[in-house]
Amino acid sequence: MGFLMCTARVHDLIRQKSDVQYKLLKISKKLRDLQQYASMVGNGQISIGDLLASPGSTMSRSMAYMGYAHNTAMQYMQANAPAMQMMYQQQMGGVQNPQQAQMMQNYIMRQLYIQGREMAAQQETKNLKVEEEKLEDEKEKLTTLQEEIAQELKAAREARDQDIKDMAPKYTAQA
């Protein structure tokens, strides 16, 4: 291979190496942000403080999750509250203090809401796990590509250096 071809190949490989490093950096940052978001979801509730402390890349997702979790919990609560209240009334025999009945209704609603939020958190955790696995796979592929480029770059530099040596004039002393 000629000197200019080797030099062009070395520069192209350096550019490719730089591109791969940049992609790896972006994926690593996205993975770190995703893991931080996953820990917030795993805590059960996202507070306003958590939301404000979250990275910009996950803030909109956090807000969307807050709405999704609330809506899921409300739907779950509304769907299951009548059956739970009926079961409670059957267990109590229908005779109860109105104040006690209201307290129990509030308790049932609160527990159903919490269960609904837990269901939403489990679903989001599954989604996050899938996304994290995709990012890990992509990161692994890029790391492998980076190693291949590094090996090819080393070979191209050696070929270029050899071409330079071969192009050097060879003076011999003739007597």
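Of the candidates K30, Q35, K29, D33 forms a side-chain hydrogen bond (donor to acceptor under 3.5 Å, both in side chains) with just one, namely K29. Y113 pairs in a side-chain contact (heavy atoms from CB on, under 4.5 Å) with only one of the listed residues (R117, Q111, M109, R110), which is R117.
Here D137 does not pair with K134 in a salt bridge; the nearest charged N to carboxylate O distance is not below 4.0 Å. A salt bridge does not link E138 to K26: none of the charged nitrogens lies less than 4.0 Å from a carboxylate oxygen. A salt bridge links D12 and R9; the closest N-O separation between the charged side-chain nitrogens and carboxylate oxygens is under 4.0 Å.
Considering CD of E148 and CD of E152, their distance stands at 9.0 Å, rounded to 0.5 Å. Of the inter-residue distances, the one linking L25 atom CG with L142 atom CG reads 11.5 Å to the nearest 0.5 angstrom. Atoms CD1 and OG1, from I164 and T7 in turn, are 6.0 Å apart once rounded to the nearest 0.5 Å. Atom CD of Q151 is separated from atom CG of L13 by 12.0 Å, given to the nearest 0.5 angstrom. The distance from atom CG of L153 to atom CZ of R160, rounded to the nearest 0.5 Å, is 8.5 Å. Atom CG of L31 and atom NZ of K139 lie 6.0 Å apart (nearest 0.5 Å).
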Checklist entry - Can you check side-chain contact (heavy atoms from CB on, under 4.5 Å) on I108 and M104, steps first, answer last? => result CA-CA 6 Å; I108 289 171; M104 192 53 164; 4.2 Å; yes
Item to check | M119 and Q115: CA distance, side-chain angles, deciding distance, side-chain contact (heavy atoms from CB on, under 4.5 Å) verdict | outcome: CA-CA 6 Å; M119 288 174 37; Q115 289 175 6; 5.6 Å; no
Item to check | Worked check of side-chain contact (heavy atoms from CB on, under 4.5 Å) between K23 and V20 | outcome: CA-CA 5 Å; K23 288 176 185 176; V20 168; 5.6 Å; no
Checklist entry - Is there a side-chain contact (heavy atoms from CB on, under 4.5 Å) between M66 and H70 once you walk through the steps? => result CA-CA 6 Å; M66 287 173 66; H70 175 72; over 6 Å; no
Checklist entry - So D161 and R157, salt bridge (Lys or Arg N to Asp or Glu O under 4.0 Å) or not? Walk me through it. => result CA-CA 6 Å; D161 292 346; R157 283 181 173 157; over 6 Å; no
Item to check | side-chain hydrogen bond (donor to acceptor under 3.5 Å, both in side chains) between N71 and Q75, intermediate numbers included | outcome: CA-CA 6 Å; N71 291 338; Q75 288 173 353; over 6 Å; no
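Not a single donor-acceptor pair under 3.5 Å links the side chain of T72 to the backbone N or O of A69. When atom types are taken as modelled, the side chain of S18 and the backbone of I14 share no donor-acceptor pair closer than 3.5 angstrom.
Both Y68 and L34 are members of a single hydrophobic cluster when ILVMFWY side chains are connected at heavy-atom separations under 4.5 Å.
Side-chain contact between Q36 and T58: absent, with no pair of heavy atoms (C-beta onward) separated by less than 4.5 Å. Two residues are said to be in side-chain contact when any heavy atoms from C-beta on lie closer than 4.5 Å; Y65 and M40 fail this criterion.
In this structure, Y107 places its OH atom where only 12 or fewer heavy-atom neighbours from other residues, nucleotides or ligands lie under 6.0 Å away. Atom CE of M86 sits in a sparse spot, with 12 or fewer heavy atoms from other residues, nucleotides or ligands closer than 6.0 Å.
Between the side chains of E124 and Y37, a donor-acceptor pair is found at a separation under 3.5 Å.
Of all non-hydrogen atoms in A156 and C6, the two that sit nearest each other are O-CB, 4.4 Å.
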